[in-house]
**Student:** 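Quick one: structure below, then a few questions.
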Amino acid sequence: MTRPALPVPQDYPVLWPVPTRWDDNDHYGHVNNVTYYSYFDTAVNAWLMSASGTDIRQLAAIGIVAETSCTFHNELTFPEQLQVGLSIERLGQRSVVYSLAIFAEREGGTLKPAATGRFVHVYVDRSSRKPTEIPTAIAAAVAGLVSAAENVN
């Protein structure tokens, strides 16, 4: 079986900075596998807030994580500075599928791929939890990322 090529930063129209933290390391001396999902979640939501100019916690519709996945390529440890690459795999009326990658910053400014992942936000009404359309501010921000992703390749 042939392994897919490792991601490169140019594959992602957005690189969002996320540092490792002291308590990210496990007893084996590297970042615990579950923490990679936290990096994905932090980058997606921080980018959404920045790109939309909206505090997404205050919207009537909220993005619920319906699916995540992660493939590990290289280990991380504390202290490291990371860049999480974001691109859009699919933009629907009620959901967004993100394609993600975590890169560790190395000396000289190079970025080494550590993991790739997928992250699905399904938008639901805050009160009823029934599926609803993506809020306008979020849709506009994500649509910009879709356009940027098309220009990357």
Side-chain angles (χ1 to χ4, degrees), residues 3-21 23-24 30-124 126 131-153:
R3 290 184 61 128
L6 291 176
V8 294
Q10 294 77 14
D11 293 337
Y12 301 88
V14 170
L15 292 174
W16 195 263
V18 176
T20 60
R21 302 161 301 187
D23 66 347
D24 291 348
H30 61 253
V31 170
N32 188 273
N33 60 312
V34 72
T35 307
Y36 289 66
Y37 292 97
S38 175
Y39 298 150
F40 290 153
D41 200 19
T42 297
V44 166
N45 288 298
W47 174 79
L48 280 174
M49 291 174 86
S50 175
S52 70
T54 303
D55 185 343
I56 61 175
R57 298 169 295 184
Q58 305 302 317
L59 296 173
I62 55 175
I64 300 294
V65 177
E67 177 186 335
T68 61
S69 67
C70 185
T71 302
F72 303 95
H73 303 294
N74 291 292
E75 72 179 6
L76 298 171
T77 189
F78 175 84
E80 286 189 284
Q81 295 299 315
L82 311 175
Q83 296 287 331
V84 179
L86 288 86
S87 67
I88 300 299
E89 184 178 314
R90 181 184 172 281
L91 173 58
Q93 295 295 314
R94 297 178 177 171
S95 65
V96 180
V97 180
Y98 295 90
S99 177
L100 305 159
I102 299 172
F103 299 95
E105 293 182 7
R106 297 295 186 237
E107 282 188 43
T110 62
L111 297 174
K112 181 178 182 179
T116 50
R118 190 168 189 259
F119 193 89
V120 179
H121 262 163
V122 174
Y123 282 84
V124 299
R126 177 182 295 281
T132 190
E133 288 193 14
I134 298 170
T136 304
I138 300 300
V142 173
L145 191 57
V146 171
S147 298
E150 291 171 356
N151 294 329
V152 169
N153 297 323

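Predicted, not measured: the structure shown is a model, and the values here were computed from it.
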**Student:** With rounding to the nearest 0.5 Å, note down the distance linking CH2 in Trp47 to OG1 in Thr42.
**Tutor:**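 Reported to 0.5 Å precision, the distance equals 15.5 Å.
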**Student:** For the backbone of Val120 and the side chain of Arg90, can you confirm whether one donor and one acceptor N or O come within less than 3.5 Å of each other?
**Tutor:**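 No; zero donor-acceptor contacts below 3.5 Å.
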**Student:** Do you know the tightest heavy-atom contact between Val122 and Ala66?
**Tutor:**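 Answer, listing the atom of Val122 first, then Ala66: CG2-CB, 3.6 Å.
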**Student:** Sequence neighbours left out, what passes side chain to side chain donor-acceptor pair (under 3.5 Å) with Tyr123? Give chain and number order.
**Tutor:**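 Residues passing side chain to side chain donor-acceptor pair (under 3.5 Å) with Tyr123: none at all.
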**Student:** Does Asn32 have any side-chain contact (heavy atoms from CB on, under 4.5 Å) partners at least two apart in sequence or in another chain, and if so, which?
**Tutor:**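 Asn32: side-chain contact (heavy atoms from CB on, under 4.5 Å) contacts with Asp26, Val34, Thr35.
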**Student:** Let me confirm one number: the OG-CZ distance from Ser69 to Phe119, rounded to the nearest 0.5 Å.
**Tutor:** 11.0 Å
**Student:** First locate atom CG of Leu59, then atom CD1 of Ile134, and finally report the distance between them rounded to the nearest 0.5 Å.
**Tutor:** 12.0 Å
**Student:** Any chance you could measure Ser95, atom OG, to Glu67, atom CD, to the nearest 0.5 Å?
**Tutor:**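 If I round to the nearest 0.5 Å, the distance is 10.5 Å.
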**Student:** Below 30° counts as parallel, above 60° as perpendicular, anything between as tilted: where do the rings of Tyr36 and Tyr39 land?
**Tutor:** tilted
**Student:** Going by the rule side-chain contact (heavy atoms from CB on, under 4.5 Å), which residues pair with Thr116 if we only count those two or more places apart in sequence or in a different chain?
**Tutor:**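 Once residues adjacent in sequence are excluded, the partners of Thr116 under the side-chain contact (heavy atoms from CB on, under 4.5 Å) criterion are Pro7, Tyr12, Thr71, His73, Ala101.
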**Student:** Residues two or more places apart in sequence or in another chain: which of them pass side chain to side chain donor-acceptor pair (under 3.5 Å) with Glu89?
**Tutor:** Arg118
**Student:** How would you list, by chain and number, every residue that makes a side chain to side chain donor-acceptor pair (under 3.5 Å) with Ser52, sequence neighbours excluded?
**Tutor:**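 With neighbours one apart ignored, the set is empty.
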**Student:** What residues, two or more places apart in sequence or in another chain, satisfy side-chain contact (heavy atoms from CB on, under 4.5 Å) together with Ser50?
**Tutor:**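 So Ser50 forms a side-chain contact (heavy atoms from CB on, under 4.5 Å) with Trp16.
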**Student:** Check the pair Asp24 / Leu76 against side-chain contact (heavy atoms from CB on, under 4.5 Å), numbers first and verdict last.
**Tutor:** CA-CA 9 Å; Asp24 291 348; Leu76 298 171; over 6 Å; no
**Student:** Within the 4.5 Å heavy-atom criterion, are Leu82 and Thr20 side-chain neighbours or not?
**Tutor:**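 Yes; the side chains approach each other to less than 4.5 Å.
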**Student:** Just how far is it from atom CD1 of Ile88 to atom CG of Leu100, taken to the nearest 0.5 Å?
**Tutor:**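 Rounded to the nearest 0.5 Å, the CD1-CG separation comes to 8.5 Å.
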**Student:** Quick check: closest heavy atoms across Thr54 and Ala137, and the distance to 0.1 Å?
**Tutor:**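 Looks like OG1-CB, 3.5 Å.
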**Student:** Can you name the closest pair of heavy atoms from Met49 and Ile56 and give their distance?
**Tutor:** CG-CG1, 3.7 Å
**Student:** Taking only residues two or more places apart in sequence or in another chain, which ones pass side-chain contact (heavy atoms from CB on, under 4.5 Å) with Gln81?
**Tutor:**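 In terms of side-chain contact (heavy atoms from CB on, under 4.5 Å), with neighbours along the sequence ignored, Gln81 is linked to Pro19, Glu105.
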**Student:** Closest heavy-atom contact between Pro113 and Asn74?
**Tutor:** O-ND2, 2.7 Å
**Student:** List in chain and number order the residues that pass ring pair (Phe, Tyr, Trp, His ring centres under 6.0 Å) with Phe78, two or more places apart in sequence or in another chain; answer none if no residue qualifies.
**Tutor:**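 Phe78 satisfies ring pair (Phe, Tyr, Trp, His ring centres under 6.0 Å) with Trp22 once adjacent residues are dropped.
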**Student:** Partners of Asp41 by side chain to side chain donor-acceptor pair (under 3.5 Å), sequence neighbours excluded?
**Tutor:** Asn45
**Student:** To the nearest 0.5 angstrom, please state how far the CG atom of Asp11 sits from the OG atom of Ser87.
**Tutor:**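 The CG atom of Asp11 sits 8.0 Å away from the OG atom of Ser87.
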**Student:** Under the salt bridge (charged side-chain N to carboxylate O under 4.0 Å, His left out) test, which residues partner Asp23, sequence neighbours left out?
**Tutor:**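 For Asp23 there are no salt bridge (charged side-chain N to carboxylate O under 4.0 Å, His left out) partners, ignoring immediate neighbours.
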**Student:** Using the rule given for side-chain contact (heavy atoms from CB on, under 4.5 Å), can you reason through Val96 versus Val44, listing the C-alpha separation, both sets of side-chain angles and the distance that settles it, and then say yes or no?
**Tutor:** CA-CA 11 Å; Val96 180; Val44 166; over 6 Å; no
**Student:** Can you list everything that forms a salt bridge (charged side-chain N to carboxylate O under 4.0 Å, His left out) with Glu80? Sequence neighbours excluded, please.
**Tutor:**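 Checked Glu80 against salt bridge (charged side-chain N to carboxylate O under 4.0 Å, His left out); matches are Arg106.
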**Student:** Please list, chain by chain and in numerical order, all residues satisfying ring pair (Phe, Tyr, Trp, His ring centres under 6.0 Å) with Phe40, sequence neighbours excluded.
**Tutor:** none
**Student:** List the atom of Leu145, the atom of Leu86, and the distance in Å for their closest heavy-atom pair.
**Tutor:** CD1-O, 4.0 Å
**Student:** Which heavy-atom pair separates Leu48 from Ile138 by the least distance, and what is that distance?
**Tutor:** CD2-CG2, 4.0 Å
**Student:** Indicate yes or no: at least one non-hydrogen side-chain atom of His121 is less than 4.5 angstrom from one of Val65.
**Tutor:**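 When only atoms from C-beta onward are counted, Val65 and His121 do touch, with a gap below 4.5 Å.
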